[in-house]
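Every chain is numbered from 1, with letters handed out A, B, ... down the list of sequences.
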There are 2 protein chains.
Amino acid sequence: MRRGPRKRTTRQLEQVFKALHGDHSHPIAHEIYRRVHKKLPRISLATVYRNLHTLVEEGKIRTLLLGDQVARYDPETREHDHFICERCGRVSDVFLKRARRIDLSPLARDGYVVTTHNLTVYGMCRVCAGRRRTSKPSRAARKPSVRTMAVIRG
Amino acid sequence: MRRGPRKRTTRQLEQVFKALHGDHSHPIAHEIYRRVHKKLPRISLATVYRNLHTLVEEGKIRTLLLGDQVARYDPETREHDHFICERCGRVSDVFLKRARRIDLSPLARDGYVVTTHNLTVYGMCRVCAGRRRTSKPSRAARKPSVRTMAVIRG
DNA sequence: TTGCTTGCAAATTTTTTGCAAAAAC
DNA sequence: GTTTTTGCAAAAAATTTGCAAGCAA
């Protein structure tokens, strides 16, 4: 999972990991920077990016590229899927049972060698489904760009 | 699917659509620009982007955000999935039978309202699976960034 | 000490925008 | 003729990189 020189334990690396550990909000790099900045006011965004990459290489966190062209980071490394609320923008972890997951055998029969797959579901989260037409959409985590309206987000 | 003033038919719009029509290679904007540029040497990249957006709004093509933070465009508007070859970078359309697709009912039971979902599969395409360890990976369509090694691309 | 890591600034990459001129209808 | 679209250049937004100085081992 890693090659090259062994990594050193720096305050910056530790804090970047701490900022993400146990969090299920799938923050983007700048949000993580904001969090770490409170502990280490001199840290730079570049260092946050570099440490996020380090953590990904070490398998401690994962990068999520869910379709808004901005990388999100997830400390949940177990296999799981994601649900994106089209109203509030929140990204939730979703654990579908293995048996309920996708049958990819037709691909294998077709000559493809499958290593992994990714499933992202779109719709309304529980909170927003409740509020249905009461309040107007809040763009919580992220601005849903004009484009994302008619997009296949993969 | 559209609002605002009705669109005018320009040579630029026509050529952008032609450049994509019937193509299954999922090109990025710059590749489309390159193609159209042969026909209309004075076209600008901005115009290509604007026309791609127009075509998406009209439902003639789709935007694919598959995880490399670069938008791809697909003239195939029927519901389908994608396979990304981790060796050559090629993106293939994949049509899995409805019955074989994902059972999302657990989500509904959990209070989520599902509108769409997206499935992307990773592995080796037929061509590369044949060549297995003969030739070294070519980064055909796109550079697989270092990051994409340990990423959940969704 | 050695050499990986940081902070800062500048560079990259992809996409969007402002605006006057050109093209559609 | 009026209104949309284009081309060009500049702006934005996200991420990466060069480099001297700082720190971990």
inquiry  = With salt bridge (Lys or Arg N to Asp or Glu O under 4.0 Å) as the rule and sequence neighbours excluded, what pairs involving residues 113-125 of chain B come up?
reply    = none
ask   = Taking CG from A:L45 and P from D:dA13, how many angstroms apart are they, rounded to a whole number?
value = 14 Å
remark   = One would report the end-axis bend of the helix from C:dT1-D:dA25 to C:dC25-D:dG1, five pairs per end and rounded to 10 degrees, as 30°
ask   = For A:H37 and C:dT6, what is the distance between atoms NE2 and P respectively, to the nearest whole Å?
value = 15 Å
query = Whole-Å distance between C:dC4 C1' and A:E57 CD?
reply = 14 Å
key: C:dT15 OP1/OP2 closer than 4.0 Å to side-chain N/O of B:H53   = no
key: Phosphate contact (C:dT14 OP1 or OP2) by B:Q69 side-chain N/O below 4.0 Å   = no
message = Consider side-chain contact (heavy atoms from CB on, under 4.5 Å). Of B:T47, B:T63, B:V16, which one does B:L52 pass it with?
response = B:V16
note = Residues at least two apart in sequence or cross-chain that pass ring pair (Phe, Tyr, Trp, His ring centres under 6.0 Å) with A:H24, listed by chain then number, are none
ask   = Can you list the residues that meet the side-chain contact (heavy atoms from CB on, under 4.5 Å) rule with B:K39, with sequence neighbours excluded?
value = B:Q15
message = Could you check whether any side-chain N or O of B:E76 sits under 3.5 Å from a backbone N or O of B:R78, counting only pairs where one atom can act as donor and the other as acceptor?
response = yes
ask   = Taking only residues two or more places apart in sequence, or in another chain, which ones meet A:D110 in a salt bridge (Lys or Arg N to Asp or Glu O under 4.0 Å)?
value = B:R126
inquiry  = What is the separation between atom CG on B:D68 and atom C1' on C:dT13, rounded to the nearest whole Å?
reply    = 12 Å
key: Euclidean distance, atom CD of residue A:Q15 to atom P of D:dC23 [Å, nearest integer]   = 16 Å
task = Encode nucleotides 5-11 of chain D as B, S and - characters from 5' to 3', where the letter depends on protein heavy atoms closer than 4.0 Å: B to the base, S only to sugar-phosphate, - to neither.
result = SBBB---
ask   = For A:Y33, which residues count as a ring pair (Phe, Tyr, Trp, His ring centres under 6.0 Å) partner, sequence neighbours excluded?
value = A:H30, A:H37
query = Separation of A:Y33 atom OH from D:dA14 atom C1', in whole Å?
reply = 15 Å
request  = Between B:T9 and B:Y49, just flag the one whose closest nucleotide in DNA chain C comes earlier from the 5' side.
outcome  = B:Y49
inquiry  = Could you work out, with salt bridge (Lys or Arg N to Asp or Glu O under 4.0 Å) as the rule, every residue matching A:K18, not counting sequence neighbours?
reply    = none
ask   = Partners of B:R35 by salt bridge (Lys or Arg N to Asp or Glu O under 4.0 Å), sequence neighbours excluded?
value = B:D23, B:E31
ask   = Taking atom C1' of D:dA14 as reference, at what distance in whole Å does atom CG of A:L65 sit?
value = 12 Å
task = Could you tell me the separation between the CD atom of A:E58 and the P atom of C:dC4, rounded to a whole number of Å?
result = 15 Å
